[in-house]
Amino acid sequence: MRHRIYVPLALAATVLLTACSDGEDDTAADGPTTSVSAPQDSGAGATNEPSDTKETDDVASSENPGGIDPAAQKYVDAVAAEDLDALVAAFHPDAELTDVGREFTGHDEIRDWADNEVIGGKLTVLKNTPKSDGTTLLVRFAPGGDGGFEANYEFTSRDGLITKLDLQYA
C-alpha cells in the first residue's frame with residue numbers, strides 16, 4: 001500500500017519542482033530527455049528577462065490561451081514523442097520548409113528531412129512570439145539529444161496545419 005502513495009507524491013514533487021524552477025538549465029543533472037518545454041508568458045509584452053525563458057510543462061492548452069499556435073504545437077509534440085508520422089501529419093500536403101537555405105516541399109521531402117535530422121533530437125521552446133497566421137518560436141534544438149544550438153522557427157499555418165516553416169539560426 002505504501003508504494004501507491006509514493007508514486008503520486010513523486011509525480012507531485014516533480015511537477016512542483018518544475019513549476020518552481022528558477023530558469024537555470026539543469027538538463028545535465030537530469031540526463032537527456034525528449035521532453036519539450038515552453039514559457040508561460042508569451043506575446044508582445046515579452047522581454048529578455050529570465051522569466052521569459054522559464055521552462056514549464058504547460059506548453060499550450062485551452063486553459064492557456066497564450067500557448068503555442070496549435071499547428072506549431074503539433075510539431076513540438078511530435079518531436080518530443082519522436083513520432084515521425086505525427087510530425088509529417090502536422091504539415092499541409094503541399095507545405096514548404098526551409099532549413100537554413102535548404103528547401104523541402106511536400107510530405108515526402110519533409111518526411112526524409114525529419115527522419116534524418118529531427119527525430120531523436122531534443123527541442124526546447126525558449127520563447128513564443130505569436131503572429132496573425134502562426135508563431136515564431138525561439139528554440140534550443142539538440143540533434144541526437146546532446147549539444148545543440150538556438151534557432152528561430154517561423155511557423156505559418158492554415159486550418160490547423162503548417163503551410164510554411166522557416167528555420168534559421170538565432
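A search for salt bridge (charged side-chain N to carboxylate O under 4.0 Å, His left out) contacts involving Asp94 returns nothing, not counting sequence neighbours. Taking the side-chain contact (heavy atoms from CB on, under 4.5 Å) definition, one finds that Ala86 meets it with Ala78, Asp83, sequence neighbours left out. With sequence neighbours excluded, the residues that form a side-chain contact (heavy atoms from CB on, under 4.5 Å) with Pro143 are Phe141, Phe149. Listed by chain and residue number, Leu84, Leu87, Val118 satisfy the side-chain contact (heavy atoms from CB on, under 4.5 Å) test with Ala114 (two or more places apart in sequence, or in another chain). Take Phe91 and apply the ring-ring contact (aromatic ring centres under 6.0 Å, His included) test, not counting sequence neighbours, and it matches no residue. By the side-chain hydrogen bond (donor to acceptor under 3.5 Å, both in side chains) test, Asp85 is found to be paired with Arg111, residues two or more places apart in sequence or in another chain being considered.
Under the 4.5 Å side-chain heavy-atom criterion for grouping Ile, Leu, Val, Met, Phe, Trp and Tyr, Leu161 is not connected to Leu97 through any hydrophobic cluster.
Nearest heavy atom pair, residue His107 against residue Val88, reads NE2-O, 3.3 Å. Gly147 and Arg140 get closest at one heavy-atom pair: O-NH2, 4.1 Å. Minimum heavy-atom separation, Ala71 to Gly160: CB-O, 3.6 Å. Nearest heavy atoms, Leu137 versus Ala72: CD1-CB, 4.5 Å.
Judged as a salt bridge (charged side-chain N to carboxylate O under 4.0 Å, His left out), the pairs with a partner in residues 97-110 (not counting sequence neighbours) are, in order, Asp99-Arg102, Arg102-Glu117. Legend: salt bridge (charged side-chain N to carboxylate O under 4.0 Å, His left out) pairs involving residues 149-170, not counting sequence neighbours, sorted by first then second residue: Lys131-Glu154.
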- Full working for side-chain contact (heavy atoms from CB on, under 4.5 Å) between Thr98 and Leu167: CA-CA 6 Å; Thr98 303; Leu167 314 176; over 6 Å; no
- Item | Test log, rule side-chain contact (heavy atoms from CB on, under 4.5 Å), inputs Thr124 and Val139 | CA-CA 5 Å; Thr124 304; Val139 303; over 6 Å; no
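Under the 4.5 Å side-chain criterion, counting only non-hydrogen atoms from C-beta, Tyr153 is in contact with Leu123. Counting heavy atoms from C-beta outward, Ile162 and Lys74 have side chains that stay 4.5 Å or more apart.
With no hydrogens or angles considered, no side-chain donor-acceptor pair links Thr136 and Asn152 at under 3.5 Å. Side-chain atoms of Gln73 and Asp77 include a donor-acceptor pair closer than 3.5 Å.
From Leu165, atom CG reaches atom CZ of Phe104 across 11.0 Å, with rounding to the nearest 0.5 Å. Between the CG atom in Asp112 and the CD1 atom in Ile110 there is a gap of 10.5 Å [rounded to 0.5 Å]. Between Glu96 atom CD and Thr105 atom OG1 the span is 5.0 Å, to the nearest 0.5 Å.
Not one N or O on the side chain of Thr156 forms a donor-acceptor pair closer than 3.5 Å with the backbone of Asp133. Thr135 contributes a side-chain N or O that, together with a main-chain N or O of Thr129, makes up a donor-acceptor pair within less than 3.5 Å.
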